[in-house]
Engineer: 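Can you read through this structure? Questions will come right after.
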Amino acid sequence: QVQLVESGGGLVQPGGSLRLSCVASGIIFSENVMGWYRQTPGNQRELVAAIATTITHYADSVKGRFTISRDNAANTVYLQMNILKPEDTGVYYCNANREFWGKGTLVTVSS
């Protein structure tokens, strides 16, 4: 049974930082492309960042502010989010190989 469990969301002021974590089980983690997606009310889920072995991809809206990384020994993928903006608000979902999803963690950027 595949499980992806996100943590680290919360309320932060504009300009602040948060670090999201996603712990995976039930998959051979090192063989999976891991991604972070976000969804806001009324909008489709969009890819924020993805990481294969060492290759990373970012949405244009987060380049230079967000960093995705992975620890294969810990079956964990991270998303370091800096210089957060109100438009970064949403539910952030962890994804494995565009197949498996976590339940999401809410990020709210507001003063």
Engineer: Shortest non-hydrogen contact from Val48 to Val62?
Structural biologist: O-CG2, 3.6 Å
Engineer: Do Tyr37 and Ile68 share a hydrophobic cluster (ILVMFWY, side-chain heavy atoms under 4.5 Å, transitive)?
Structural biologist: no
Engineer: Step by step, would you call Glu6 with Ser21 a side chain to side chain contact (heavy atoms under 4.5 Å, CB included)?
Structural biologist: CA-CA 6 Å; Glu6 303 99 334; Ser21 300; over 6 Å; no
Engineer: Taking all non-hydrogen atoms of both residues, which atom of Thr40 and which atom of Thr89 are closest, and how far apart?
Structural biologist: CG2-O, 2.9 Å
Engineer: Drop me the distance from Asn97's CG to Ile27's CD1, to the nearest 0.5 angstrom.
Structural biologist: 7.5 Å
Engineer: Measuring from atom OG1 of Thr53 to atom CG of Asn32, what distance do you get when rounded to the nearest 0.5 angstrom?
Structural biologist: 12.5 Å
Engineer: Would you call Ser30 and Ile28 a side-chain contact if the rule is heavy atoms closer than 4.5 Å?
Structural biologist: yes
Engineer: Hey, does the side chain of Asn75 reach the backbone of Ser25 with a donor-acceptor pair shorter than 3.5 angstrom?
Structural biologist: no
Engineer: Over all heavy atoms of both residues, which pair between Cys94 and Val77 is shortest? Give the atoms and the distance, please.
Structural biologist: SG-CG1, 3.8 Å
Engineer: Is the cationic atom of Arg70 (NZ for Lys, CZ for Arg) positioned less than 6.0 Å from the six-membered ring centroid of Tyr78 and within 45 degrees of its normal?
Structural biologist: no
Engineer: Heavy-atom count check: over 12 atoms from other residues, nucleotides or ligands less than 6.0 Å from Gln44 CD?
Structural biologist: no
Engineer: I would like to know whether Lys63 and Asp60 meet salt bridge (Lys or Arg N to Asp or Glu O under 4.0 Å); could you show each step before the answer?
Structural biologist: CA-CA 5 Å; Lys63 282 180 181 176; Asp60 287 343; 3.1 Å; yes
Engineer: Do Tyr58 and Arg65 come close enough that some side-chain heavy atom pair is under 4.5 Å?
Structural biologist: no
Engineer: Could you give me the CA-CA distance, side-chain angles and deciding distance for Thr105 and Leu20, then say whether side chain to side chain contact (heavy atoms under 4.5 Å, CB included) is met?
Structural biologist: CA-CA 8 Å; Thr105 185; Leu20 305 184; 4.0 Å; yes
Engineer: Would you verify whether the NZ or CZ of Arg45 falls within 45 degrees of the ring axis of Tyr93 while also being under 6.0 Å from that six-membered ring's centre?
Structural biologist: yes
Engineer: Check Val107 against Met81 and note the closest heavy-atom contact, atom names and distance.
Structural biologist: CG2-CE, 3.9 Å
Engineer: Can you find a heavy atom in the side chain of Thr108 that is under 4.5 Å from one in the side chain of Val12?
Structural biologist: no
Engineer: Does Phe66 have its ring centroid less than 6.0 Å away from the ring centroid of Trp36?
Structural biologist: no
Engineer: Could you tell me which non-hydrogen atom of Leu4 sits nearest to which non-hydrogen atom of Cys22, and how far apart they are?
Structural biologist: CB-SG, 3.9 Å
Engineer: Report yes or no: do Thr76 and Asp71 form a side-chain donor-acceptor pair below 3.5 Å?
Structural biologist: no
Engineer: Work out which heavy atom in Leu106 is nearest to a heavy atom in Gly90; give both atom names and the distance.
Structural biologist: CD1-O, 3.6 Å
Engineer: Would you say Val91 and Leu84 are hydrophobically clustered, going by side-chain heavy atoms of ILVMFWY under 4.5 Å?
Structural biologist: no
Engineer: Which distance, rounded to the nearest 0.5 Å, do you find between the CG of Asn72 and the CE of Met34?
Structural biologist: 9.5 Å
Engineer: Could you check whether any side-chain N or O of Asn95 sits under 3.5 Å from a backbone N or O of Phe100, counting only pairs where one atom can act as donor and the other as acceptor?
Structural biologist: yes
Engineer: Contact between Ser110 and Leu11 at the side-chain level, heavy atoms closer than 4.5 Å - yes or no?
Structural biologist: yes
Engineer: Treat each ILVMFWY residue as a node, draw an edge where side-chain heavy atoms are under 4.5 Å apart, and state whether Val23 and Tyr92 are in one component.
Structural biologist: no
Engineer: Before giving the answer on salt bridge (Lys or Arg N to Asp or Glu O under 4.0 Å), spell out for Arg38 and Glu46 the whole-Å C-alpha distance, their side-chain angles and the decisive distance to 0.1 Å.
Structural biologist: CA-CA 6 Å; Arg38 71 182 173 202; Glu46 60 173 352; 2.8 Å; yes
Engineer: Hydrophobic clustering (ILVMFWY, side-chain heavy atoms < 4.5 Å, transitive) - are Phe29 and Val2 grouped together?
Structural biologist: yes
